[in-house]
There are 2 protein chains.
Amino acid sequence: MSLSDLFGGDPVVLGQQARIEPTQQRSTARLSGLLDAAAVVVDEVGFDRITTAMVAERAGASIGTVYRYYPDRVAVLQALRERAVMRFRQRVVDQLKTSGPETWWDAVDCAITAFVDLYRSEAGFRIVHFADRERTPVSGSEDLQSGYFARQLAGVLAEEFGLTGGADLIFRLEVAVEMADSILSRAFQTTPNGDERFIAECRRVMHDYLVGYYGPSVVAV
Amino acid sequence: MSLSDLFGGDPVVLGQQARIEPTQQRSTARLSGLLDAAAVVVDEVGFDRITTAMVAERAGASIGTVYRYYPDRVAVLQALRERAVMRFRQRVVDQLKTSGPETWWDAVDCAITAFVDLYRSEAGFRIVHFADRERTPVSGSEDLQSGYFARQLAGVLAEEFGLTGGADLIFRLEVAVEMADSILSRAFQTTPNGDERFIAECRRVMHDYLVGYYGPSVVAV
DNA sequence: ACTTCTATGATTGAGTTCCGCTCGGTGAGC
DNA sequence: GCTCACCGAGCGGAACTCAATCATAGAAGT
């Protein structure tokens, strides 16, 4: 079981929320352009204030184009979140491959670093923390919930570092993911580059929480 | 320094987000009636789908009345959140008074219990976790952020149980509040009455996190 | 006390503006 | 020329306004 399998084979699949699957070349660029625009607008005016007209104008497209690809306003935000989550997973996979973690903690630490990096560099990344609060979790998007990510991460840790626990491991990782998400989002709430104190505390909390169950000395198999 | 002082003297102050402060008797009833209606509607249709017309109709008022008290749609939601936070604080104060906690952990445990109880009983209480994610933290509402609550709680713990630490204590409590908020909200994401497993894990996480700093044996002074 | 009287707060709901979204018409790629 | 992509005026509905109307508190008169 490879890392890229675990984290969802197709690295950056766009348009899952879209009405139609684009066939021509230019339209895929349009799609990502729309999401880029949405990301910028989200950072500028926030989630409620965003309008489809703003997204269209920022992307250099007309309002009709937005609705060609997305059924409604919230679908745009969902797609933006989807892309952000995908990019996060991809970044985790890349960093795991290059850094070659020796213990399970190195792997978890990698994920935290990737999250922080994206928060700093990627426009609209705040939306990752935002959207799961709403109800109506669209069918087919369960893999964006923290539970899914926890399952995937549990697979990696079990496979690569021999962590055991099955459902218990998944549960603890889901709790861990929720904690990390909230603390890191707090770190970026006031400080644009992220309050280092909260980030450091996040690492400590995660480490202590997981070490309590799985011990410090498990290394890669 | 009394508990009720710490948690903000006026127990239930409504209309801080309101355009005008009501003077007549009936208008305060109107205000709380509007928020009651908003709370029910939030539970029924969610945050995006809520309309001012729904709130007005549910409250037996006309649309104009809503806008007499709140400048716009989001202000209604902010006010609802404000009231929910106030009620949470009040419930914590009440439970602390009646139960007479012997250790700092009893006090923290009280707060968790109060949060869970309100999640179960109070309509629209989900909004507490929701609103702080948006930007534009309205000036004058800083006391609704987790930081303010952490400061107040730090005051209680320092005063009643002799916990030391000053700014560090406040920081750790803010981290703790963020963690508890996210885990407990996760507990209620799928299960209406709250997944007991997440709730129990929340207590354990909070306990372990704080015990690491302040030890288990501190009792009331 | 008890009743007007009135200034001001409270309420209304039709109307205005703005935004989400559609759809027929036009242009670009295969 | 056939299909996919794009446009933007227009439609429906939701957010929000405002001038007219009603209700209330408290003053003034008896």
Side-chain angles (χ1 to χ4, degrees), chain A residues 14-38 40-42 44-81 127 131 134 136 138, chain B residues 14-38 40-42 44-80 131 134 136 138:
Chain A
L14 298 181
Q16 300 206 354
Q17 302 291 344
R19 279 176 150 168
I20 56 101
E21 206 69 19
T23 62
Q24 295 185 8
Q25 187 77 31
R26 57 170 176 174
S27 63
T28 63
R30 262 278 188 244
L31 248 175
S32 67
L34 285 174
L35 292 188
D36 292 342
V40 173
V41 175
V42 156
E44 281 178 1
V45 305
F47 299 110
D48 328 318
R49 312 291 186 187
I50 194 175
T51 72
T52 50
M54 291 181 195
V55 175
E57 186 192 357
R58 183 59 69 113
S62 80
I63 184 67
T65 301
V66 175
Y67 286 95
R68 170 164 185 81
Y69 292 107
Y70 299 103
D72 59 14
R73 198 183 65 98
V74 282
V76 177
L77 293 176
Q78 282 173 346
L80 178 60
R81 175 162 193 271
I127 201 172
E134 269 300 321
T136 64
V138 186
Chain B
L14 297 181
Q16 300 206 357
Q17 303 290 346
R19 283 175 145 168
I20 58 100
E21 205 69 18
T23 63
Q24 294 185 6
Q25 189 78 29
R26 58 172 172 169
S27 64
T28 64
R30 261 278 189 248
L31 250 175
S32 65
L34 285 174
L35 292 188
D36 292 342
V40 173
V41 175
V42 157
E44 281 178 1
V45 305
F47 298 111
D48 332 314
R49 313 290 185 193
I50 193 175
T51 71
T52 50
M54 290 180 195
V55 175
E57 185 191 357
R58 183 61 69 116
S62 79
I63 185 66
T65 300
V66 175
Y67 285 94
R68 170 166 182 80
Y69 292 108
Y70 300 103
D72 58 13
R73 198 182 66 96
V74 283
V76 177
L77 294 176
Q78 282 173 345
L80 179 60
E134 271 300 324
T136 65
V138 187

Whole-Å distance between [N] [atom2] and [X] [atom1]?
X	N	atom1	atom2	value
Leu31(B)	dG9(C)	CG	P	15 Å
Arg68(A)	dG27(C)	CZ	P	17 Å
Tyr69(A)	dC4(D)	OH	P	12 Å
Tyr67(B)	dT12(C)	OH	P	15 Å
Leu34(A)	dA5(D)	CG	P	13 Å
Ile50(B)	dG13(D)	CD1	C1'	17 Å
Leu77(A)	dG20(C)	CG	C1'	13 Å
Arg73(A)	dG13(D)	CZ	P	18 Å

| Are the side chains of Val76(B) and Leu34(B) in touch, meaning some heavy atoms are under 4.5 Å apart? |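 Sidechains of Leu34(B) and Val76(B): no contact.
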I'd like to check Leu35(B) versus Val55(B) (side-chain heavy atoms, cut-off strictly below 4.5 Å). Are they in contact?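 No, side chains not in contact.
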Margin query: One pair to check against side chain to side chain contact (heavy atoms under 4.5 Å, CB included): Arg58(A) and Glu44(A). What are the steps and the verdict?
Written below: CA-CA 12 Å; Arg58(A) 183 59 69 113; Glu44(A) 281 178 1; 2.9 Å; yes
*asked:* Less than 4.0 angstrom between a side-chain N/O of Thr52(A) and OP1 or OP2 of dG20(C), yes or no?
replied: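 So the side-chain polar atoms of Thr52(A) do come within 4.0 Å of the phosphate oxygens OP1 or OP2 of dG20(C), strictly under.
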If you compare every side-chain N and O of Arg30(B) against the phosphate oxygens of dT12(C) (OP1, OP2), does one of them come in below 4.0 Å?
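The answer is yes; a side-chain N or O of Arg30(B) sits under 4.0 Å from OP1 or OP2.
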Nearest-nucleotide pick for [X], side chain only, options being [options]:
X	options	result
Ile63(B)	dT17(D), dA10(C), dA15(D)	dT17(D)
Ser62(A)	dC6(D), dC19(C), dC16(D)	dC6(D)
Ala61(B)	dT12(C), dG20(C), dA5(D)	dT12(C)

- request: Look at all strands and tell whether Thr65(B) reaches a base, only sugar-phosphate, or nothing, counting heavy atoms closer than 4.0 Å.
  value: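 Base, at least one base atom sits under 4.0 Å.
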| task | Before giving the answer on side chain to side chain contact (heavy atoms under 4.5 Å, CB included), spell out for Val42(A) and Leu77(A) the whole-Å C-alpha distance, their side-chain angles and the decisive distance to 0.1 Å. | result | CA-CA 9 Å; Val42(A) 156; Leu77(A) 293 176; 3.9 Å; yes
State whether the side chain of Arg73(A) and the backbone N or O of Ile50(A) hold a donor-acceptor pair below 3.5 Å, judged by distance alone.
->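 Yes.
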